[in-house]
Amino acid sequence: MTLHNAEGREIKVGVLGATGTVGQRFISLLAGHPYFVIHALGASARSAGKAYSQAVVWKQTSPIPHIVREMVVQECKPEFFLECSVVFSGLDAEVAGDIEAAFRNAELAVFSNAKNFRRDPLVPLIVPLVNGNHFAMIHQQRALNNPPLKKGFILTNANCSTTGVVVPLAALEKAFGPLESCIITTMQAISGAGYPGVPSLDIVDNIVPYISGEEEKMEWETLKILGGITEGDDGLKSFDMHSRHPLRISASCNRVPVIEGHTECVSVRFARRPPPSPQQVREALAAYTSDAYALGCPSAPRHTIFVHEEADRPQPRLDRDYQKGSGVSVGRVRQCRVLDIKFVVLANNVAIGAATSSILNAELAVIKGHIN
Ligand SMILES: NC(=O)C1=CN([C@@H]2O[C@H](COP(=O)(O)OP(=O)(O)OC[C@H]3O[C@@H](n4cnc5c(N)ncnc54)[C@H](OP(=O)(O)O)[C@@H]3O)[C@@H](O)[C@H]2O)C=CC1
Ligand SMILES: N[C@@H](CC(=O)OP(=O)(O)O)C(=O)O
């Protein structure tokens, strides 16, 4: 498979929030990327003006990549990023809204991890292993911007727990038709709260059964991602929020003393009766492939969903780095006595739950001709 419009080409990229948990993962992944080349870094005024290696509290297992060690961190202002064709954002949500909007208005293509624009009716919320078809909204986002844009847009990826669960849910809907209801209980890693994140005295020897705003995000974002796009009589597109087949979702979110990797226990009920057997579900999950892989995105996992047969997997410490954390792991697929089927999902929250999804979305944007 060839990447027609990336072949032989270097694409300059910037990273906003480059010193944070997600920003560091962006830098580690981009340093080895076949065509994205890090050209500019942005963070807060606390970091701006310093060499990256002086500004960052580096928490990755591999050393700071050579290409960024001496790169001077800039303030997050578009003027410092105008040579970039793509800007990745790992900005704190407190500031991401205004900064990302300013970058879009400066005709930059912004791939955001922050929650600020996920509910915007013109902004695609894309989990690249699931709904690459939502790129169709970009033309309308540009056209309706004030002033209209030629190159700029914002595209977001989902909340990290949403990302983990929508991949198997999409695979099940593809194989067996619409889902009717879904109950999810998460066990979320500490790194999901950024750095320094949850105080050690709160999380060591403990579980915190509350993550602000997380349950609402999971219940809402899943519908936007799994829903389609409809076109009205006026020719305007809108996200249909799975409205033709109402899907009821209930999420309960917990913080647990794991460093990386969100685990989720999921039960589903199918609209179609009789429902599939656990073995049919295992086979459908293992057979699911993403458009990102089919289209040749270099960061796409070969196994979108790795299905474990062992009774005690997936586990975060053992399974979070499989395929560099770019796919999801599912195990314990079995009958549910209340709904139909239950299983366990593991997704690496800082890889496919964050930076890897943004990079895959940018690769899809290149392949689909949205980066010019
Ligand atoms: N961690 C995770 O698993 C996931 C996180 N996300 C989202 O990604 C985003 C980043 O999260 P995370 O990396 O964990 O957060 P961190 O707190 O680790 O990093 C935040 C980054 O934002 C920068 N920043 C803070 N204030 C400003 C400002 N006023 N102007 C410019 N830059 C600023 C910081 O720079 P400085 O160092 O200079 O302060 C830092 O680079 C958030 O929106 C988060 O919700 C999404 C999915 C998963
Ligand atoms: N809230 C998530 C991480 C995150 O930042 O999510 P969001 O991008 O939806 O704000 C967690 O704590 O694990």
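For the numbers below, each heavy atom of this structure counts, side chains included, while hydrogens, waters and symmetry mates do not. Just follow the structure's listing: the first ligand is 1, and inside any ligand the first atom is 1. Note that the structure is a prediction, hence the values are computed from the model and not measured.
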Here the salt bridge (charged side-chain N to carboxylate O under 4.0 Å, His left out) pairs for residues 166-190, sequence neighbours left out, are Glu180-Arg269
Would you mind checking if Lys77 and Glu75 are paired as a salt bridge, meaning a charged N to carboxylate O distance below 4.0 Å? yes
Heavy-atom contacts with [X] under 4.0 Å: which atoms of ligand 1 show up? List them by number with element.
X      : answer
Tyr195 : 18 (O)
Gly192 : 1 (N), 2 (C), 3 (O)
Ala43  : 31 (C), 32 (N), 35 (O), 38 (O)
Asn349 : 3 (O), 48 (C)
Ala114 : 43 (O)

Just by distance, with hydrogens left out, do [X] and [Y] show a side-chain donor and acceptor under 3.5 Å apart?
X      : Y      : result
Ser112 : Glu100 : yes
Arg104 : Gln141 : yes
Asn105 : Asn145 : yes
Gln188 : Glu214 : yes
Asp240 : Thr230 : no

For the 3.5 Å polar cut-off, considering only N or O atoms, please tell me whether [X] and ligand 1 meet it.
X      : answer
Ile99  : no
Cys160 : no
Thr19  : yes
Val350 : no
Ala354 : no

Output, or 'none' if empty, a list of ligand 2-protein atom pairs in which both atoms are N or O and the distance is under 3.5 Å, rounded to 0.1 Å.
from: ligand 2; atom 1: 1 (N); to: Glu214; atom 2: OE1; distance (Å): 2.7
from: ligand 2; atom 1: 1 (N); to: Glu214; atom 2: OE2; distance (Å): 3.3
from: ligand 2; atom 1: 6 (O); to: Asn159; atom 2: ND2; distance (Å): 3.3
from: ligand 2; atom 1: 8 (O); to: Asn113; atom 2: O; distance (Å): 3.4
from: ligand 2; atom 1: 8 (O); to: Arg118; atom 2: NH2; distance (Å): 2.6
from: ligand 2; atom 1: 9 (O); to: Arg118; atom 2: NH1; distance (Å): 2.7
from: ligand 2; atom 1: 9 (O); to: Arg118; atom 2: NH2; distance (Å): 3.4
from: ligand 2; atom 1: 9 (O); to: Asn159; atom 2: ND2; distance (Å): 2.8
from: ligand 2; atom 1: 9 (O); to: Lys217; atom 2: NZ; distance (Å): 2.8
from: ligand 2; atom 1: 10 (O); to: Lys217; atom 2: NZ; distance (Å): 2.8
from: ligand 2; atom 1: 12 (O); to: Gly192; atom 2: O; distance (Å): 3.2
from: ligand 2; atom 1: 12 (O); to: Arg255; atom 2: NH1; distance (Å): 3.1
from: ligand 2; atom 1: 12 (O); to: Arg255; atom 2: NH2; distance (Å): 2.4
from: ligand 2; atom 1: 13 (O); to: Gln188; atom 2: NE2; distance (Å): 3.0
from: ligand 2; atom 1: 13 (O); to: Arg255; atom 2: NH1; distance (Å): 3.1
from: ligand 2; atom 1: 13 (O); to: His262; atom 2: NE2; distance (Å): 2.9

Closest approach of [X] to [Y] (non-hydrogen atoms, all atoms of both residues):
X      : Y      : value
Ile225 : Ala158 : CD1-CB, 3.8 Å
Ala136 : Ile229 : CB-CD1, 4.2 Å
Asp340 : Phe270 : OD2-N, 2.8 Å
Ser326 : Leu129 : O-CD1, 3.6 Å

Result for side-chain contact (heavy atoms from CB on, under 4.5 Å) between Glu221 and one of Val166, Asn159, Val165 points to Asn159
Among all protein heavy atoms in this structure, tell me which lies nearest to [atom], with the distance rounded to 0.1 Å.
atom                    : answer
atom 24 (N) of ligand 1 : Ser44 CB, 4.1 Å
atom 5 (C) of ligand 1  : Val22 CG2, 3.5 Å
atom 18 (O) of ligand 1 : Thr21 N, 2.9 Å
atom 8 (O) of ligand 1  : Asn113 CB, 3.5 Å
atom 21 (C) of ligand 1 : Gly90 O, 3.6 Å
atom 22 (O) of ligand 1 : Asp92 N, 3.3 Å
atom 47 (C) of ligand 1 : Gly353 O, 3.4 Å
atom 9 (C) of ligand 1  : Leu91 O, 3.2 Å

Can the positive tip of Arg119 be found less than 6.0 Å from the middle of the six-membered ring of Phe239, inside 45° of the ring normal?
no
*With a 4.5 Å limit on heavy-atom distance, are the side chains of Arg332 and Arg313 in contact?*
no
So for Ser191 against ligand 1, with non-hydrogen atoms under 4.0 Å, the contacting part is backbone
Counting heavy atoms under 4.0 Å, the part of Val95 that contacts ligand 1 is side chain
Exercise for review: Take Asn131 and Leu226, measure what side-chain contact (heavy atoms from CB on, under 4.5 Å) needs, and give me the verdict at the end.
Suggested key: CA-CA 7 Å; Asn131 62 322; Leu226 293 181; over 6 Å; no
| task | Compute the minimum heavy-atom distance from Lys115 to ligand 1 and say whether it is under 4.0 Å. | result | no
Problem - Whether over 12 other heavy atoms sit under 6.0 Å from Glu107 CD - result: yes
Out of Gln74, Lys59, Lys50, Arg46, the nearest non-hydrogen contact to atom 39 (O) of ligand 1 is supplied by Arg46
Separation between CD1 (Ile138) and CD1 (Ile126), nearest 0.5 Å, reads 6.5 Å
Under 4.0 Å from atom 44 (C) of ligand 1, can you find at least one protein heavy atom? no
